[in-house]
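Comments concern the structure below.
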Amino acid sequence: MKTVSVATTSQIKEGELLAVKVENQKVLLTKIDDRIYAVENKCPHLGMPLAKGKVCDRAVTCRWHGASFDLTTGENVKWVDSFVGIPLPEWSHQALSIGKSAQSIKTYPVTTQGDEVSISI
Ligand code: FES
């Protein structure tokens, strides 16, 4: 595991998402309750970037099909249920999942030193 500087603390705002690329991996940085978190910027459903998603109640919701992930733990809190923000009926969710079951996203340990934010990757 390697520790890499990824941003400054002032670049990461409470409840907002900052996408960075580190060692060929797409990473999403955010601040929740004044603590910085790093998760992979890739939805496990179809691999779309979570940076385009919406943050609410510590979770990011993927804009394409509605899967949500806790930004503090990476845990999946809701699997697919919509298409670009339009809710779909329950009966269609199985087809929408295209055979993929709910999965969590990867998290990265974050350290700060002064204004510098680093992650272990
Ligand atoms: S690509 Fe994210 S929910 Fe489908």
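For ligands, and for the atoms within them, numbers begin at 1 and follow the listed sequence. In this text, all values refer to a predicted model and were calculated from it rather than measured experimentally.
Paired with Thr112 under the rule side chain to side chain contact (heavy atoms under 4.5 Å, CB included), one option of Ile12, Thr9, Thr8 passes, and it is Thr9.
Panel note: side chain Glu116, backbone Gln113; no donor-acceptor pair is recorded below 3.5 Å. Between the Glu14 side chain and the Asp33 main chain, a donor and an acceptor come within less than 3.5 Å of each other.
Contacts of Leu46 with ligand 1, taken as heavy-atom pairs under 4.0 Å, involve both backbone and side chain.
Around atom 4 (Fe) of ligand 1, the two atoms ND1 of His45 and ND1 of His65 are separated by an angle of 90°, to 10 degrees.
Classification of the Trp79-Phe69 ring pair by plane angle, with boundaries at 30° and 60°, yields perpendicular.
Remark: Lys78 pairs with Asp81 by the salt bridge (charged side-chain N to carboxylate O under 4.0 Å, His left out) rule, at least two apart or across chains.
When each atom of ligand 1 is checked for a heavy atom of Met48 under 4.0 Å away, the hits are 1 (S). Interface of Val80 with ligand 1, defined as ligand atoms under 4.0 Å from a residue heavy atom, comprises 3 (S). Shown in contact with Ala67 at under 4.0 Å from a heavy atom are these atoms of ligand 1, numbered in order with element: 3 (S). Proximity to Cys62 (heavy-atom distance under 4.0 Å) selects the following atoms of ligand 1: 1 (S), 2 (Fe), 3 (S).
The shortest side-chain heavy-atom distance between Val27 and Ile119 falls under the 4.5 Å cut-off.
Among the backbone and side-chain atoms of Cys43, an N/O/S atom is found under 2.8 Å from atom 2 (Fe) of ligand 1.
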